[in-house]
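First comes the structure, then the notes that go with it.
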Amino acid sequence: MKEYTSDPYAFLGLSRDAGMEEVRRVFRRLAMLHHPDRPGGSSEKFRKVCEAYRRITERAGLMPLTGWEGQGFSPPPRGPDVFEYLELDLEQVVWGASVTVRYLRRSPCPECLPRPEEDCPRCLGAGRIFRPSLGALYPEPCPECRGRGSPAKPCPACGGNGLVEGLTEVRVRVPCGIEDGLVLRLPGQGHHPRPPDFLPGDLRLVMRIKPHPLFHAEGRNLHLRRFAGAYDAEGTDLVPTLYGAVRLKKPPGPGQTLRLAGHGLPELGSSRRGDLFIHY
């Protein structure tokens with residue numbers, strides 16, 4: 001592995017044009033290789049790999065790693081992740097979007113009220129205690145009650161499971177240039193685990209780009225079909241684009257194709273754009 005530099009792509013051995021799928025694949029391989037819990041692992045190398053990956057994902061507008069992973073610690077037990085599809089228009093791909101996502105999520109039961117006379121005297125019914133280490137507090141199941149917290153009878157609302165399922169919503173900022181099939185990760189917005197574990201999982205949104213009535217997308221390029229009837233009395237053509245209409249004073253004839261550079265879809269994390277091909 002190269003020495004750490006200011007360029008996270010070079011540090012991970014990636015080219016500047018590497019897609020996010022390749023970035024994630026290389027990160028997983030290097031993270032497993034240098035994880036401190038594995039034989040021959042290195043906390044320092046693992047930290048640098050996580051830092052490089054975090055800088056790339058932040059530059060691309062995606063979510064960074066959590067603090068647990070970034071510090072080289074094995075994360076505590078968490079709840080399951082939630083996977084949902086998020087459908088976007090081409091206009092939202094071009095300009096980005098702030099959308100509200102509604103989904104079913106398992107959360108702590110609000111009816112499981114604390115009963116002080118029945119709670120464990122050590123954890124006070126929480127089911128966990130916090131152990132100091134390296135200047136921070138880390139949770140672990142209470143050894144007195146083994147994580148149960150209270151011997152109370154099962155709650156009638158959740159049947160003793162400690163969780164209920166309900167509809168929740170979260171506001172999501174989608175960066176411009178998002179790709180079909182890309183997954184946005186929202187840490188801590190997934191299902192809550194059963195007690196005594198307490199960290200919720202993540203919400204993972206799978207992007208889906210909806211078909212457009214005018215434009216057909218192929219990668220970053222767009223294709224638009226025009227007809228002779230689109231010409232005005234002066235023989236010019238007012239061509240619609242996702243960035244505003246463009247007036248062509250001398251449009252090509254039938255059967256020809258015109259290319260408008262930079263009028264396609266933007267590239268995630270970059271100022272580059274694809275092209276618009278107008279077919280007459």
Side-chain angles (χ1 to χ4, degrees), residues 1-75 81 83 86 88 90 92-99 172-190 201-209 217-222 242-243 261-276:
M1 177 182 296
K2 297 182 179 180
E3 292 297 323
Y4 187 77
T5 66
S6 59
D7 186 353
Y9 287 91
F11 178 71
L12 296 180
L14 294 164
S15 67
R16 301 288 298 181
D17 296 330
M20 289 307 302
E21 183 61 34
E22 183 181 0
V23 172
R24 285 190 289 268
R25 178 176 54 81
V26 172
F27 164 72
R28 294 190 191 101
R29 177 176 60 81
L30 294 178
M32 292 184 63
L33 178 65
H34 298 293
H35 197 284
D37 291 344
R38 296 175 64 88
S42 169
S43 298
E44 181 65 15
K45 290 181 179 180
F46 181 78
R47 183 188 65 80
K48 290 181 178 180
V49 169
C50 292
E51 173 65 16
Y53 179 72
R54 181 187 66 82
R55 292 177 60 189
I56 293 176
T57 53
E58 284 182 342
R59 184 178 301 175
L62 304 178
M63 293 296 177
L65 292 172
T66 67
W68 298 88
E69 295 163 324
Q71 297 175 17
F73 293 100
S74 297
D81 292 345
F83 288 83
L86 179 58
L88 300 172
L90 285 182
Q92 293 173 311
V93 175
V94 168
W95 302 110
S98 180
V99 298
V172 180
R173 176 61 187 171
V174 180
C176 63
I178 202 72
E179 302 173 19
D180 188 82
L182 189 65
V183 179
L184 284 183
R185 169 178 168 262
L186 278 70
Q189 297 296 328
D202 301 333
L203 172 61
R204 298 180 183 267
L205 297 175
V206 183
M207 301 294 108
R208 287 288 181 263
I209 310 303
E218 292 183 359
R220 291 296 161 197
N221 295 326
L222 295 175
L242 294 176
Y243 304 92
H263 283 73
L265 299 179
E267 183 177 334
L268 181 64
S270 172
S271 59
R272 291 177 294 187
R273 295 175 179 172
D275 301 330
L276 171 63

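Under the rule for a salt bridge (Lys or Arg N to Asp or Glu O under 4.0 Å), Glu218 has no partner lying at least two apart in sequence or in another chain. Judged as a side chain to side chain contact (heavy atoms under 4.5 Å, CB included), and not counting sequence neighbours, the contacts of Ser98 are Arg171, Arg173. In this structure Arg204 satisfies the salt bridge (Lys or Arg N to Asp or Glu O under 4.0 Å) test together with Asp81, Asp202, sequence neighbours excluded. Asp180 meets the side chain to side chain donor-acceptor pair (under 3.5 Å) test with no other residue; sequence neighbours excluded. Applying the side chain to side chain contact (heavy atoms under 4.5 Å, CB included) criterion to Glu267, with sequence neighbours excluded, gives Ser270, Arg272. For Arg273, there are no salt bridge (Lys or Arg N to Asp or Glu O under 4.0 Å) partners two or more places apart in sequence or in a different chain.
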Residue pair Leu222, Asp275: steps toward the side-chain contact (heavy atoms from CB on, under 4.5 Å) verdict: CA-CA 6 Å; Leu222 295 175; Asp275 301 330; over 6 Å; no

Candidate pair Gln92 and Val99, rule side-chain contact (heavy atoms from CB on, under 4.5 Å), full reasoning: CA-CA 10 Å; Gln92 293 173 311; Val99 298; 3.8 Å; yes

Derivation of the side-chain contact (heavy atoms from CB on, under 4.5 Å) call for Leu86 and Val206: CA-CA 6 Å; Leu86 179 58; Val206 183; over 6 Å; no

Leu88/Met207 under side-chain contact (heavy atoms from CB on, under 4.5 Å): CA gap, chis, key distance, verdict: CA-CA 7 Å; Leu88 300 172; Met207 301 294 108; 3.8 Å; yes

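Using modelled atom types, no side-chain atom of Tyr243 and backbone atom of Val94 make a donor-acceptor pair closer than 3.5 Å.
Between Val49 and Phe27, the closest heavy-atom pair is CG1-CD1, 3.7 Å. Minimum interatomic distance between Pro8 and Ala52 (heavy atoms only, all atoms of both residues): CB-O, 3.5 Å. When every heavy atom of Leu90 is checked against every heavy atom of Leu242, the shortest pair comes out as CB-CD1, 4.0 Å.
With rounding to the nearest 0.5 Å, the separation of CG in Leu265 from CG in Asn221 is 8.5 Å. Here CG of Leu205 is found 12.0 Å from CZ of Arg185. Values are rounded to the nearest 0.5 Å. Expressed to the nearest 0.5 Å, how far CG of Leu203 lies from CG of Leu184 amounts to 9.5 Å.
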